[in-house]
Structures are given as C-alpha cells and as structure tokens.
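In what follows, a structure is listed as structure tokens, so that the remarks can point back to it.
Predicted, not measured: the structure shown is a model, and the values here were computed from it.
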Amino acid sequence: MNIKLVATTPFQDQKPGTSGLRKQVRVFQQPHYLENFVQAVFNTQTALRGGTLVLGGDGRYFNREAIQIILRMAAAHGVAKVIVGCGGILSTPAASCLIRRYRTQGGLILSASHNPGGPHADFGIKFNTPNGGPAPEKVTNEIHAATLTLTEYRIADIQHVDIDHLGTSKLGAMEIAVVDPVQDYAALMQNLFDFDRMHTLFNSVPFRMRFDAMHAVTGPYARRILEDMLGAPPGTVMRAEPLADFGGHHPDPNLVHAHDLVEVMNGRNGPDFGAASDGDGDRNMILGRRFFVTPSDSLAVLAANAHHVPGYRGGIVGIARSMPTSQAADRVAEHLGIECFETPTGWKFFGNLLDAGRVTLCGEESFGTGSDHVREKDGLWAVLFWLNLLAVRRESVESIVKSHWRQFGRNYYTRHDFEEVEAQRADTLMNRLRDRLPALAGKRLGSHTVSLADDFAYEDPIDGSTSQGQGIRILFEGGSRLVFRLSGTGTAGATLRLYVERYEPDPQQHELETQTALAPLIAIAHDVAGIREHTGRKVPTVIT
C-alpha cells in the first residue's frame with residue numbers, strides 16, 4: 001500500500017463549534033479541507049494508531065465521499081480497525097453505542113445534525129472520544145491548534161472501498177468491518193425498555209402512532225424497532241428513506257419543519273402519539289393528539305416517571321440540563337431529592353457528569369434528551385421512553401403532561417430564533433446588552449423586577465474547568481427569566497436565540513396559550529436588547 005504525503009497549508013476557519021466542525025458542502029469540497037481537519041485529529045489523538053475507530057454519518061450529501069477519504073487516511077496512520085455503518089449510515093447515538101460497546105479509541109461522525117443537506121447546504125464532522133461522547137473543549141482546542149500548523153497530510157493511494165456490503169475486508173494492514181448500523185443500538189434499547197409491554201400497546205388496544213424520520217438517518221432504526229420489533233403497523237414511520245438532501249426539507253424536528261406530522265396529529269382523527277427525529281438521530285419532538293410537549297417538559301416528565309421503565313427502575317441519581325432549558329426539571333430533582341446541574345449548551349458538557357455517575361438523565365431545550373446509556377442525546381431513545389410510559393400508564397400524552405403540571409407547576413416556555421442575522425450586528429447586540437448587565441439588577445422592567453443579570457459561566461464540578469460567556473441571563477423575582485445566546489450550529493451568518501420562561505404554580509392558569517402567556521416578557525426582551533434596532537427583525541424566523 002502506497003502512502004502519499006500531500007503538501008498543504010492551514011485553513012483559518014477549522015475551529016469546532018458546539019458540536020464539531022460545520023460548514024457548507026462547498027467548503028468541505030475544497031482541495032485539502034476535509035483532509036486537513038482529519039489529519040489534525042490523527043495528529044492529536046495518538047491512541048488511534050493501532051486502535052479502533054468508529055466511522056459513519058447521517059447519509060447527507062458528501063457523506064460517502066468523506067468516508068472514503070477518512071478510510072484512506074486511517075490506513076495511512078496505522079489505525080488497526082475501522083467499524084463502518086453499512087452504506088455509510090450511522091446515527092449519532094448509534095455511533096456512541098458502538099464506541100462504548102466495543103471500547104474503541106473514538107469515532108468520527110459525519111453530520112451537520114438538524115441543518116439542511118444537499119450540494120448547496122451543510123456538512124459536518126466531529127470527533128467523539130472513547131467514552132462515546134463529543135470531544136470536550138480541551139480536545140477540540142488541541143485539534144484546532146493542530147489545524148493551524150499543518151504542512152502535509154498522509155493518505156493511502158488506493159481505490160474505492162466497498163462499504164455497501166456487510167462483512168470484513170483489509171486495506172493494507174487495517175481491517176474494515178462494515179456492520180449493520182441498527183443491530184447493536186436496537187439490542188441496547190431492548191435492555192432499557194419493556195418491548196413486550198410496548199408490543200401489547202400496539203396490538204391489543206386501539207393505539208396509533210406516527211413517527212416522522214424526515215428522510216434522515218433514523219428511518220431505518222425506527223422501521224426496525226417500531227414496525228418490525230414492536231409490531232407497529234407498516235407505514236407508522238413516515239419519510240423513512242434517508243436521502244442525501246433530506247427530500248429538500250430541513251431535518252429539524254420542530255413545529256415548523258415537521259409540519260406534515262403536525263398536520264396529521266392535529267387532524268380530526270389524529271393518532272394517539274406522534275414523534276420526529278432530526279438529521280443524525282439525536283433530537284426528538286414529542287406530540288400527543290393536538291398537543292405539543294416542549295423538550296423542557298419532556299425531560300421533566302421522563303425524570304418524574306423513570307421508575308416506570310425497566311432500565312431506570314432503581315431510580316435516577318441526578319439530572320442535568322443546559323442553561324437555556326426551562327427549570328421544570330429542577331422541580332422534579334428537588335422532589336426526588338437528587339442533584340440537578342445547569343450546564344452550558346452542548347452535549348459535551350454532560351459527559352463528565354455522566355462518567356462520574358452524578359446524573360442519569362440529561363436534556364436540552366433544542367429537542368435533545370438522553371441518559372447514561374450513551375454519551376450523546378438520543379432521539380429514538382426518548383420516543384421509546386415515552387412509548388414505554390404510555391404503555392404503563394395507559395393515559396394520553398396530554399393527560400400525563402397536565403397531571404405533571406398540577407403536581408409541579410407549569411413552566412411556560414418558548415424559544416424565538418432570528419436566523420441568518422449579519423454576524424457583526426448580532427455581536428453588537430450581545431455586546432451592548434452585556435455592557436448593560438451591571439445596571440439591571442434590582443431594576444423594574446415592565447411588571448417584573450430583575451433579581452440577577454449576568455453572562456453565564458460554568459465551572460465543571462468534576463474537573464474544575466471553566467467556560468465563560470455562555471449566554472446572557474436576566475432573572476426576575478418569582479422565577480421568570482430571559483436568556484439571549486448566539487447559536488454555534490449554523491453555517492451562515494448568526495442565529496440569535498431568545499429564550500423566555502415564566503413559572504406558573506396555579507393550576508387555574510395552566511391553560512393559557514404559550515405566546516399569550518409570555519407576551520409581556522417577550523416585549524421586555526425586545527426592548528431591553530434592541531432586537532429590531534440591531535437585527536432589523538420584528539418577528540423571529542422560527543418559534544418553538
């Protein structure tokens with residue numbers, strides 16, 4: 001096998017964001033661009049030499065070409081074995097499952113998650129460490145530093161590798177194992193959930209479900225588990241075939257981009273349960289008949305009901321949520337007498353807590369929920385958790401959530417996204433708001449009094465590392481709050497995210513429409529941040 005040393009020069013834009021390096025496809029298609037980043041991974045993650053690497057992605061445009069490049073580079077760097085999902089398909093939680101089950105030295109996951117796919121859309125790559133989770137900032141900083149000093153990369157001079165048939169083959173001294181991408185993941189789900197009880201739910205009572213795979217990676221997983229293993233009727237999984245451009249749609253499981261599913265669930269004779277997942281399978285949306293469950297409420301409900309599920313019957317040890325996620329889970333943790341952690345946005349911040357056994361369940365408001373079974377958020381896992389709960393309680397989704405509100409109170413919550421704002425204007429908004437923070441404490445804004453205003457900083461309780469500048473918080477007396485962040489998952493301009501929350505303990509006030517209930521706080525947010533002045537926008541692009 002001939003190894004080529006290819007001369008290259010650094011790219012200045014290869015710093016990983018919240019979850020890996022995400023750029024438009026045309027950026028990754030530049031000569032040497034992908035190769036430079038992968039070379040930086042091999043330069044810094046030396047345990048991969050002689051070790052095992054998991055490799056796969058969500059099937060989006062450029063996925064297959066990228067896998068061929070990475071296989072050739074892995075062979076050139078002495079990797080002993082690469083485990084590849086058949087056809088290049090591997091959901092993000094399934095990749096984490098494989099890394100952990102086979103104790104590999106890490107994995108490369110090819111995805112831009114919920115971002116659009118296609119030749120004019122987005123692509124992404126991230127390195128997951130041996131615990132199965134996204135690389136922490138220390139590791140991504142090392143990788144980024146390595147990208148800035150590259151002069152060459154190593155790649156094997158070989159032909160196309162067959163990744164479309166199960167089995168093992170050799171590439172020089174390196175073994176390539178092409179595996180069923182669903183099998184190990186499905187086995188893990190069987191260990192956590194009561195498949196017999198869920199099978200009975202589908203087959204002995206009038207119960208109907210629709211799952212929207214959004215032409216993304218979860219289609220094969222949902223078909224195998226929901227239809228083949230649990231006995232849901234054929235067609236339960238809609239848009240099940242993974243497509244390189246996700247069928248021309250945005251594979252983000254929210255009320256806007258999963259509108260086909262929402263219409264079905266809001267119909268006169270809609271199904272009892274609806275769910276959707278995103279591009280790489282790590283996010284989820286939960287729906288009842290004409291009823292939307294916010295991701296924040298979903299985390300809280302699952303935590304409060306974990307004892308109904310076999311894998312968590314012994315109880316949960318703690319809960320972690322991202323800072324912008326509503327405080328609904330905090331009230332459950334207090335009730336259970338367990339720890340609850342508030343972390344920056346990004347699943348990598350949950351890794352230390354999970355590895356240390358301090359938490360069992362984790363969640364983010366951006367439709368991400370998961371547990372200690374892997375080290376990624378897991379969309380289908382959350383759906384199965386809800387199914388198991390429905391099979392045990394035999395109540396509707398709406399009934400379960402409203403019962404939860406009566407016990408713990410309701411956290412009215414919304415997120416407003418202002419997408420593709422000119423980056424400089426978005427930065428100006430945040431900087432000016434940040435400058436105002438010291439003067440806000442104790443100030444009256446509308447009918448609310450500010451109790452705290454800060455730029456959230458996090459000190460990891462396990463390793464003591466700190467993360468500054470994680471989002472501006474304005475907290476009010478009584479539990480309401482505003483949060484402002486610039487998202488790290490987009491590839492064009494900046495996305496300003498506004499999070500608005502109001503706690504309501506009175507059950508008589510639990511039936512308000514969310515945007516109506518939060519309208520006074522939304523008006524305060526626009527005024528205090530000067531959103532229209534700085535962005536030119538009066539209304540958000542997406543409301544969830």
Side-chain angles (χ1 to χ4, degrees), residues 254-257 259 262 266 285 287-288 290-298 300 322-331 365-367 398 401-402 404-406 408-419 421 426 429-430 432-433 436-437 440-453 471-487 495-544:
N254 60 42
L255 295 172
V256 175
H257 297 303
H259 55 83
V262 173
N266 288 342
M285 179 173 68
L287 300 169
R290 295 183 292 279
F291 190 83
F292 167 62
V293 184
T294 72
S296 298
D297 276 342
S298 182
S322 65
M323 181 272 288
T325 301
S326 95
Q327 300 164 97
D330 303 38
R331 305 183 193 286
E365 51 71 35
S366 53
F367 296 84
E398 180 178 2
V401 173
K402 289 186 174 180
H404 181 91
W405 290 343
R406 286 192 296 273
F408 295 100
R410 180 176 182 182
N411 286 70
Y412 282 102
Y413 182 86
T414 190
R415 187 181 94 189
H416 288 197
D417 288 359
F418 299 83
E419 296 178 344
V421 176
L429 180 152
M430 293 295 287
R432 290 188 179 177
L433 182 56
R436 294 188 61 189
L437 294 178
L440 288 178
K443 188 172 182 179
R444 190 85 171 166
L445 299 179
S447 61
H448 298 268
T449 300
V450 177
S451 60
L452 174 70
I472 293 174
R473 303 186 299 176
I474 300 176
L475 281 59
F476 299 100
E477 295 176 359
S480 296
R481 65 178 186 151
L482 306 173
V483 175
F484 302 83
R485 283 184 62 249
L486 296 183
S487 171
T495 296
L496 170 67
R497 287 186 171 158
L498 164 65
Y499 311 83
V500 185
E501 180 176 9
R502 166 193 158 191
Y503 176 63
E504 179 53 69
D506 183 2
Q508 299 301 314
Q509 299 296 317
H510 287 174
E511 298 297 330
L512 301 175
E513 192 278 326
T514 298
Q515 300 304 312
T516 301
L518 295 174
L521 284 166
I522 293 169
I524 291 171
H526 277 252
D527 181 61
V528 74
I531 290 177
R532 182 175 182 181
E533 171 192 350
H534 292 295
T535 70
R537 313 279 183 87
K538 290 191 295 184
V539 295
T541 313
V542 178
I543 296 177
T544 51

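Thr535 OG1 to Glu419 CD: the interatomic distance, rounded to the nearest 0.5 Å, is 12.5 Å. Taken from CE in Met430 to CD1 in Ile472, the straight-line distance is 4.0 Å, to the nearest 0.5 Å. Rounding to the nearest 0.5 Å places CG of Leu518 at 9.0 Å from CD of Glu501. Rounding to the nearest 0.5 Å gives a distance of 12.0 Å between CZ of Phe418 and NZ of Lys538.
Between Thr294 and Glu365, every side-chain heavy-atom pair lies at or beyond the 4.5 Å cut-off. In this structure the side chain of Asp297 reaches within 4.5 angstrom of the side chain of Trp405, judged on heavy atoms. Taking 4.5 Å as the limit, some side-chain heavy atom of Leu440 sits within range of a side-chain heavy atom of Leu437. The shortest distance between side-chain heavy atoms of Arg485 and Tyr499 falls below 4.5 Å.
Under a 3.5 Å cut-off, the side chain of Arg406 and the backbone N or O of Gly409 do not form any donor-acceptor pair.
His448 meets the ring pair (Phe, Tyr, Trp, His ring centres under 6.0 Å) test with Phe476; sequence neighbours excluded. Here Ala529 pairs with Leu429, Leu433, Phe484, Ile531 under the side-chain contact (heavy atoms from CB on, under 4.5 Å) rule; sequence neighbours left out. In this view, Asp330 and Arg321 satisfy the salt bridge (charged side-chain N to carboxylate O under 4.0 Å, His left out) rule, not counting sequence neighbours. Ser296 meets the side chain to side chain donor-acceptor pair (under 3.5 Å) test with no other residue; sequence neighbours excluded. By the salt bridge (charged side-chain N to carboxylate O under 4.0 Å, His left out) test, Arg432 is found to be paired with Glu533, residues two or more places apart in sequence or in another chain being considered. Take Leu452 and apply the side-chain contact (heavy atoms from CB on, under 4.5 Å) test, not counting sequence neighbours, and it matches Asp454, Arg473, Leu475. Under the side-chain contact (heavy atoms from CB on, under 4.5 Å) criterion, His259 pairs with no residue at all, not counting sequence neighbours. Remark: Ser298 pairs with Trp386 by the side chain to side chain donor-acceptor pair (under 3.5 Å) rule, at least two apart or across chains. Remark: Glu511 pairs with Lys402 by the salt bridge (charged side-chain N to carboxylate O under 4.0 Å, His left out) rule, at least two apart or across chains. The salt bridge (charged side-chain N to carboxylate O under 4.0 Å, His left out) check on Arg331 picks up nothing, with sequence neighbours excluded. Residues that satisfy the side-chain contact (heavy atoms from CB on, under 4.5 Å) test with Ser366, not counting sequence neighbours, are Arg283, Glu364, Arg415. Taking the ring pair (Phe, Tyr, Trp, His ring centres under 6.0 Å) definition, one finds that Phe408 meets it with His335, His404, sequence neighbours left out.
Here the shortest heavy-atom pairing between Pro324 and Tyr413 reads O-OH, 2.6 Å. The two residues Asn411 and Tyr503 come nearest to each other via the heavy atoms OD1-CD1, 3.5 Å. Taking both residues in full, the closest heavy atoms of Arg502 and Ala517 are given as NH1-O, 3.1 Å, listed atom of the first, atom of the second, then distance. When all heavy atoms of Ile522 and Gln515 are compared, the closest pair comes out as CD1-OE1, 3.6 Å. Taking each heavy atom of Tyr412 and Leu512 in turn, the nearest pair found is OH-N, 3.1 Å.
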Check step by step if side-chain contact (heavy atoms from CB on, under 4.5 Å) holds for Leu255 and Leu287. CA-CA 10 Å; Leu255 295 172; Leu287 300 169; 4.2 Å; yes
Does Glu504 form a salt bridge (charged side-chain N to carboxylate O under 4.0 Å, His left out) with Arg410? I'd like the steps, not just the answer. CA-CA 5 Å; Glu504 179 53 69; Arg410 180 176 182 182; over 6 Å; no
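Residue Asp417 is tested with Leu498, Thr495, Thr544 for a side chain to side chain contact (heavy atoms under 4.5 Å, CB included); the sole match is Thr495.
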